[in-house]
Undergrad: 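Structure in structure tokens, see below.
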Amino acid sequence: MLVKNQEIDVVIESVGSDAQGIARVDGFVVFVPFAIKGETVKVHIIKTTKNYAVGKIIALIKPSKERVNVPCPVYGKCGGCALQHCSYQEALKVKKQIVKDAIHKIGGFYDQEVNDVVGSNYCYGYRNKASFPLFVNNDGDLEVCMFRGLSHDPIYINDCHITMTHINIIAEIFKNFVNKVYSLEQKNKLKHLVVRYIDGKALVTIVSQEKPIKFDNLFDLMMKALGINENMLGLFWCKKSKDNNVILEGEITHLLGIRNILTEFMGISVEVSPLSFFQINIDIMQKIYKEVVQGVKEGQVVVDAYSGAGLLSALISKKAKSVYGIEIVPEATKNANSLKKQNNIDNLVNINGDVSQELPKLVEKIGKDFTLVLDPPRKGVDERVINTILGVLPKNILYVSCNPASLARDLKMICKGGYKIEEIIPFDMFPQTAHIESFVKLSKM
Ligand SMILES: C[S@@+](CC[C@H](N)C(=O)[O-])C[C@H]1O[C@@H](n2cnc3c(N)ncnc32)[C@H](O)[C@@H]1O
């Protein structure tokens, strides 16, 4: 029986859903974060429960040859990355296993194959968006932060290695500016800094209880540091009035510069605003979108549920007879409509609303002969939506997911209702983290 504070050597046998190592001591499970399968490590038991224990590595007795040096100084403290200690090839293996385990154990598809993970061309510096929590330290200085794993404790950072350099530069400029110009009381009103950087243009949103002061000076400093002009930078204030963990909610005021990023991907002009969803790894985004478009047959009617700012719907519209995008965030639907206009697309209808309410209404109008694309948020597809799908039984379903657990749960329900999985392809949208995106092709049996 393991007890807290015990030190023990363990052999890592497998990986868990958060990419942590798993060892067994007399049949009892020990989770060991930052350990690699096959390693022998000495751990300090920091937690025990009825069903498992958690061990912290204190020495590598027999390290894996896949272990690499970690570039980030806050690795292990910050909750963002879980796999920097692994070679990239090993990290991809771990992620494949995470998807497989979810599909087998949660979905119950014990014989289902999962393809190798499609890797990202950029393993660091790939994130085109970051939301930094802001805190004031004991000396009264503002710090740009990340959160400690599984908590809301701040970790002070200088830069985030998986985030694009330009975003780190903006965060640094912001911190230095605030520390020079703001009073302590003003600093305490600052909550988050959200930065998006796409195609050489940046959107910066200051989330604060009070309107930022001297923002025109800050705007100038940011332009200078990035070597860009006012047509390439937008500054916003999101008024934080509620005391909760939601980052961007409530009123967003445009302060200076551009309101949207106008850019082009895969032959489509795109508009991205501070609020609209946009995939954070552009290399992988393009690889997944290609796969989804390939899954659509020429001349089909397609419903793109959870359609965001509409880029995927627009790409599908080149091949489909008609496309209906459904998206809940009004700002994103607005972006999707201007994308439709800019690209002269006439076979796309963007519907603003909740998929669970809009899909049944849409089916009444267009009938049952369509391909359904699902790209829901982490919590997966609402049960009401699954019931609608199973009432309608569209020919094909193309499911893009950023959460293997909710994906597996949804696939179980969908397949019980008369579908079979054709293929599961994981994509490494979030290198160095334990997160993984998957694409699943389903057909009606
Ligand atoms: C993972 S994103 C996918 C967006 C888009 N397919 C893309 O690739 O950019 C999920 C989207 O679903 C939207 N969403 C979340 N819940 C929704 C709901 N109940 N009904 C409609 N859209 C929803 C979010 O606002 C977000 O834009």
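Computed from heavy atoms alone, side chains included, the values below leave out hydrogens, waters and symmetry copies. Atoms within a ligand are numbered from 1 in the order they appear, just like the ligands themselves. In this text the structure is predicted, and so the values were computed from the model without any measurement.
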Undergrad: Which atom pairs, nitrogen or oxygen on both sides, join ligand 1 and the protein at under 3.5 angstrom?
TA:
{"unit_1": "ligand 1", "atom_1": "6 (N)", "unit_2": "Tyr306", "atom_2": "O", "d": "3.1"}
{"unit_1": "ligand 1", "atom_1": "6 (N)", "unit_2": "Asp375", "atom_2": "OD2", "d": "2.9"}
{"unit_1": "ligand 1", "atom_1": "8 (O)", "unit_2": "Gln279", "atom_2": "NE2", "d": "2.9"}
{"unit_1": "ligand 1", "atom_1": "8 (O)", "unit_2": "Tyr289", "atom_2": "OH", "d": "2.4"}
{"unit_1": "ligand 1", "atom_1": "8 (O)", "unit_2": "Asp375", "atom_2": "OD2", "d": "3.2"}
{"unit_1": "ligand 1", "atom_1": "9 (O)", "unit_2": "Tyr289", "atom_2": "OH", "d": "3.2"}
{"unit_1": "ligand 1", "atom_1": "19 (N)", "unit_2": "Asp354", "atom_2": "OD1", "d": "3.1"}
{"unit_1": "ligand 1", "atom_1": "20 (N)", "unit_2": "Val355", "atom_2": "N", "d": "2.9"}
{"unit_1": "ligand 1", "atom_1": "22 (N)", "unit_2": "Ile328", "atom_2": "N", "d": "3.1"}
{"unit_1": "ligand 1", "atom_1": "25 (O)", "unit_2": "Glu327", "atom_2": "OE2", "d": "2.7"}
{"unit_1": "ligand 1", "atom_1": "27 (O)", "unit_2": "Glu327", "atom_2": "OE1", "d": "2.7"}
{"unit_1": "ligand 1", "atom_1": "27 (O)", "unit_2": "Glu327", "atom_2": "OE2", "d": "3.3"}

Undergrad: Side chain to side chain donor-acceptor pair (under 3.5 Å) for Ser87 and Glu66? Distances and angles first, verdict last.
TA: CA-CA 5 Å; Ser87 68; Glu66 300 301 335; 2.6 Å; yes
Undergrad: Could you check whether Asp354 and Ser356, counting side-chain N and O atoms only, form a donor-acceptor pair closer than 3.5 Å?
TA: yes
Undergrad: Indicate, with yes or no, if the rings of Tyr399 and Phe439 have centres closer together than 6.0 Å.
TA: no
Undergrad: Would you call the rings of Phe147 and Phe135 parallel, tilted or perpendicular, where under 30° means parallel and over 60° means perpendicular?
TA: perpendicular
Undergrad: Does either side chain, that of Asn347 or that of Ser322, offer a donor lying less than 3.5 Å from an acceptor on the other one?
TA: no
Undergrad: State yes or no: are the ring centers of Phe265 and Tyr289 separated by less than 6.0 Å?
TA: no
